[in-house]
Amino acid sequence: MSSEQHPAGAPEAATYDVAAVEAAWQERWAALDLFTADDASEKPTKYALTMFPYPSGDLHIGHAEVFALHDVIARYWRFRGFEVLNPMGWDSFGLPAENAAIRRDEHPATYTYANIETQLAAMQRYGLSFDWTRRLHTSDPEYYRWTQWLFLKFREQGLAYRKNSPVNWCPQDQTVLANEQVLADGTCERCGAEVTKRELTQWYFRTTEYAQELYDCLDDLQSTWIGKVVNAQRNWIGRSEGAHVRFDVEGHEPLTVFTTRPDTLWGATFMVVAADAKLAAELVTDEQRPALAAYVDEVRKASDIDRLATDRPKSGVFLGVHATNPVTGEQVPVWASDYVLADYGTGAIMAVPAHDQRDLDFAKAFDLPVRRVVDTGEPDPAISGVATTGDGAYVDSGPLEGVADKAEGVRRAIELLEADGRGTGTVNFRLRDWLLSRQRYWGAPIPIVHCPTDGEVAVPEDQLPVELPELRGADLKPKGTSPLGAAREWVETTCPTCGGPAERDTDTMDTFVDSSWYFFRYLSPHDSTQAFDPALAKRWGPIDLYIGGDEHAVLHLLYARFFTKVLRDLGVIDWDEPFSAYLSQGKVINDGRKMSKSLGNGVDLGAQLKEFGVDAVRLTLVFASPPEDNIDWARVSPAGSLKFLQRAWRLAHEVTSEPGADPTTGDAALRAATHRTVHEVEQLVESYRFNVVVARVMELVNVTRKAIDSGCGPADPAVREATEAVAVMLSLVTPYVAEEMWAELGHSPSVSQAAWPVVDEALLVQESVTAVVQVKGKVRARLEVSPDISEADLEAAALAEIADLLADQTVRKVIVRAPKLVNVVV
RNA sequence: GCCCCCGUGCCCCAACCGGCAGAGGGAGUCGCCUUAAAAGCGAUCAGUUCUGGGUUCGAGUCCCAGCGGGGGCACCA
């Protein structure tokens, strides 16, 4: 029957031509300039941000997902009357370009900027509402000039410094790595090679200075960030409360340890220091020195895999010295072992074998005394071999005897230590400083000159940027030191202080430095006088919603938070946290497996777009699951999405009323459905439940379909109202079909400039609702009642309805929840 | 070992404060339309809400224990 409404002789008009529509609208959008953010707008502002891509090849389906999700919120905010800053750029320094340049004997810029153009074209085709006037690339000298400037500012504040230390070294990429870039299995985050250690002098950012604040502010982010990311950062920063305790050592400086259990000090029967740290070498007696050396050798030979195993037997060596337990006055032996880490706490521990399993294992291995000082009611660890860590009554613990609670014991112990100056309560973090030097070419050069007379000298601001020298192909081959070192003309310079001959620092910065502040640069990307305009930071910031992948949970997101706090302390901005809300999208997998080249199961985005069109792919990605869940491409249906879009489009095609037709004269039931849907969609978008948004719009399309076919008919103004609402709501996800519908409905120039449908509250009120009548929680009857029925009336009606069921039973209690439910308890 | 998240029809997923288990999609089955198919339209099938306890008038939802899956940290003192 609906075919009668189609133009005669044109049955193909019942569908639209996806490819033609895409081509037409790309052109029109470009001409309309719809999404440029106005810095001077009077409207309230929103800053929408999505992680900028690295330009390696074309966009893949993961990008397609995150951009589709992100675009929903950016477009929604515009409809809702906000001036929206929605910028995009490229994180364009990095190893893949450099490796490609070596392979192809060219400059990394060639690969980088070619890929940027490819990705730009893909994004434009993808119909995203970015403000392209703010486009930036971190590898442009105009950008990295300010990366260098920030480095110097950090250094002025003592937050960037150089030190010699054992560092993570990737033998494949031939560069050092930050802790955050070494995965849990000891491999390189980028290339998967097994990371080794080297002793090198490198640049660091003092992230530990902000450990406490980075940790504390997570509480505020708990409700607006995705939970697992907050959890991951908490674990990474690793805050522990405890105490520093000083042990005197005959003939040496006192030995300070960090412990979370100062209350067990009475059970500390030996000490252990990290075998490979200076401390061990300083403490060891001459007699024991050969034994320590042999042990350290053995430890160094052990592979990382062995090191990571937590269940291997304890090993160690006695250092020949004793320390004095500050509370018992007892002499306890000092050992060295690899189970104590050099770079956590003080690199030394007090061992309480009765109440720490590692210490107990060590005590058993070397026959050291085990003294129980907390009686938890469990078997004595000295006999059972199982350390007890719970609460219990303190025994043989001097002033702690009588206490039975761990928290209280810890508090009292710290009090005692502080009273006689043997220790202090303290907080210790797992987080380490951020190693930012890299021995690679394609990054921002560190703007420092090394002068034989003046030492480390900052390159003066007016000489920034320190531009990369021209190197290509084989010159870039990794050789363990930075390729920049080979550019002698570039390296050899004059000292800014004394004017004498000096050399440039040849390392470049970790590319995570570039991406730690790009969202500030978007504020004024063309400003050649400053990194960004503080007034605009005040106006737009902080970012209202950031969307990206959770592989950055402890990398980029932590670094960006650190940068923001430092910029605040520099007085440039007044916000404490960069991202008010954070949403991470799941991965797109294929048939239960991660997509990978080796499995050959990658989904080719280009092919999907070609087969189903941009809209259908976007719709599929948004509809498949909640944003944070993974999407298994093998279990979703882009064909089904396209089918739905054709169905929605057909509504617009069939509407016969004129634009501007008064909806209030239209079909009441359809109007109610429309207004309820719009109302619900508003709430769903605002809570990021985009999959349900799509479901609700599908529902409205179904209802409208029925209204046309077997209800009020296509001429009813309510059908126009519903279809226009569908077009506007769909434009959040599928801009092409939405534009087509909007035009088909007689509007111009773009649906993105349409007014968001205004919900008429009166239409949300239902005329009647179904009340459920339960007897002991089981549904026995249903009643159609007015939504504002009183509890008494509802109870009376319900009891009357089920009177026969209750015949000879005593009603013990009646629960009434007007207007939805009555539960009778007999 | 410690911490976080998740288990709902065959599949992806809904269900506001605890109140009728089912919104939407996919797959299946069956009709209508068609010479036929596709498209379109319509109908239909499907469940001990992972298991066991508890709280409650009432539990998918809250609590406890377990099982299964995912993630973070991990000789971190």
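Every chain is numbered from 1, with letters handed out A, B, ... down the list of sequences.
- For A:N702, counting side-chain heavy atoms from C-beta on, the closest listed nucleotide (B:C3, B:C75, B:G24) is B:G24.
- Using atom P as the reference point in both B:C63 and B:G19, the two lie 15 Å apart (nearest Å).
- Relative to the side chain of A:R635, the nucleotides B:G42, B:C12, B:A77 differ in distance, and B:C12 lies closest.
- Nucleic acid contact class of A:D361 (heavy atoms, under 4.0 Å, all strands): none.
- A salt bridge links A:E654 with A:R705: at least one charged nitrogen is closer than 4.0 Å to a carboxylate oxygen.
- When both distances must be under 3.5 Å, the Watson-Crick or G-U wobble mate of B:U49 does not exist.
- The side chain of A:I349 sits closest to B:A77 out of B:C75, B:G24, B:A77.
- The nucleotide whose nearest atom lies closest to any side-chain atom of A:P626 is, among B:A14, B:C73, B:G26, B:A14.
- Separating the NE2 atom of A:H355 from the P atom of B:A77 is a distance of 17 Å, rounded to the nearest angstrom.
- For B:G47 and B:C64, the C1' atoms lie 26 Å apart once the distance is rounded to whole Å.
- Searching all strands for a Watson-Crick or G-U wobble partner of B:C17 with both distances below 3.5 Å returns nothing.
- Between A:N823 and the phosphate of B:U56, there is no side-chain N or O to OP1/OP2 separation shorter than 4.0 Å.
- If you take CZ of A:R812 and P of B:C57, they are 9 Å apart, rounded to a whole angstrom.
- Sequence order on RNA chain B of the closest nucleotides to A:N428 and A:A232 puts A:A232 first from the 5' end.
- The residue A:R647 sits close only to the backbone: its heavy atoms come under 4.0 Å of sugar-phosphate atoms, none of a base.
- A close approach under 4.0 Å does not occur between any side-chain nitrogen or oxygen of A:S637 and OP1 or OP2 of B:C12.
- The gap from the P atom of B:G7 to that of B:U61 amounts to 11 Å, rounded to the nearest Å.
- Taking the ring centre of A:F362 as origin, the terminal cationic atom of A:K314 falls outside the region bounded by 6.0 Å and 45° from the ring axis.
- Shown here, B:G42 forms a base pair with B:C30; the pair counts as Watson-Crick or G-U wobble because both key distances fall under 3.5 Å.
- Distance A:L700 CG to B:G25 C1': 16 Å, rounded to the nearest Å.
- Atoms CG (A:N231) and P (B:C2) sit 15 Å apart, rounded to a whole Å.
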Exercise. Passes side-chain contact (heavy atoms from CB on, under 4.5 Å), A:L431 versus A:L558? Steps please.
Worked result: CA-CA 11 Å; A:L431 183 74; A:L558 189 65; 3.9 Å; yes

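- When atom types are taken as modelled, the side chain of A:T770 and the backbone of A:E784 share no donor-acceptor pair closer than 3.5 angstrom.
- Taking 4.0 angstrom as the limit, A:R696 places none of its side-chain polar atoms (N or O) nearer than this to OP1 or OP2 of B:A14.
- If you check every strand for non-hydrogen atoms under 4.0 Å, A:K813 touches sugar and phosphate atoms only.
- Looking at A:Q774, its side chain comes within 3.5 Å of the base of B:G19 through a donor and an acceptor atom.
- Between B:A59 and B:U8, the distance separating the two C1' atoms is 14 Å to the nearest Å.
- When each of A:Q181, A:K197, A:E180 is checked for a side chain to side chain donor-acceptor pair (under 3.5 Å) with A:N168, only A:K197 meets the rule.
- If you check every strand for non-hydrogen atoms under 4.0 Å, A:T770 touches a base.
- Nucleotide B:C2 is matched to B:G72 when pairs are restricted to Watson-Crick or G-U wobble geometry with both distances under 3.5 angstrom.
- The side chain of A:K314 sits closest to B:C75 out of B:C75, B:C11, B:G71.
- In the set B:C13, B:G26, B:A23, B:A23 carries the atom at the smallest distance from any side-chain atom of A:A695.
- With hydrogens and angles disregarded, no donor-acceptor distance shorter than 3.5 Å links the side chain of A:R430 to the backbone of A:I237.
- A straight line from CD of A:E628 to P of B:C5 spans 13 Å, rounded to a whole angstrom.
- By the 6.0 Å contact criterion, CD on A:E686 is enclosed, its count of non-hydrogen atoms from other residues, nucleotides or ligands being greater than 12.
- Comparing B:G25, B:C73, B:A77 by their nearest atom to the side chain of A:F258 picks out B:A77.
- Within 4.0 Å of A:V697, counting heavy atoms only, lies no atom of the nucleic acid at all.
- Checking B:C13, B:G42, B:A77 against the side-chain heavy atoms of A:S240 singles out B:A77 as nearest.
- We find that CG of A:L619 is positioned 13 Å from C1' of B:G26, with the value rounded to whole Å.
- The separation between A:L821 atom CG and B:U56 atom P is 19 Å, rounded to whole Å.
- Within a 6.0 Å radius of NZ in A:K406, other residues, nucleotides and ligands contribute more than 12 heavy atoms.
- Nearest to the side-chain atoms of A:R430 among the listed nucleotides B:C75, B:G25, B:A74 stands B:A74.
- Pairing for B:A36 is absent, judged as Watson-Crick or G-U wobble with the two contacts each under 3.5 Å.
- Base engagement by A:R817 is indicated by at least one non-hydrogen atom pair under 4.0 Å involving a base atom.
- B:G52 and B:C17 have their P atoms separated by 26 Å, given to the nearest Å.
- Taking every side-chain heavy atom of A:D709 into account, B:C41 is the closest of B:C41, B:G72, B:A77.
- Distances shown here put a side-chain N or O of A:R650 below 4.0 Å from the OP1 or OP2 atom of B:C41.
- Comparing B:G9 with B:C3, their C1' atoms are spaced 34 Å from each other, to the whole Å.
- Within 4.0 Å of A:N691, counting heavy atoms only, lie sugar-phosphate atoms of the nucleic acid but no base atom.
- Distances shorter than 4.0 Å separate some side-chain N or O of A:R689 from OP1 or OP2 on B:A15.
- The distance from atom CD of A:Q766 to atom C1' of B:C16 is 14 Å, rounded to the nearest whole Å.
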Inset, instruction - Test A:W633 against A:Q608 for side-chain contact (heavy atoms from CB on, under 4.5 Å), laying out the working first. - result: CA-CA 11 Å; A:W633 195 253; A:Q608 296 289 321; 3.2 Å; yes

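- Using atom C1' as the reference point in both B:C4 and B:C10, the two lie 31 Å apart (nearest Å).
- Nucleotides B:G60 and B:G26, compared at atom P, are 29 Å apart to the nearest Å.
- Each of A:S337 and A:V779 was assigned the nucleotide of RNA chain B with the nearest heavy atom; the assignment lying further toward the 5' end belongs to A:V779.
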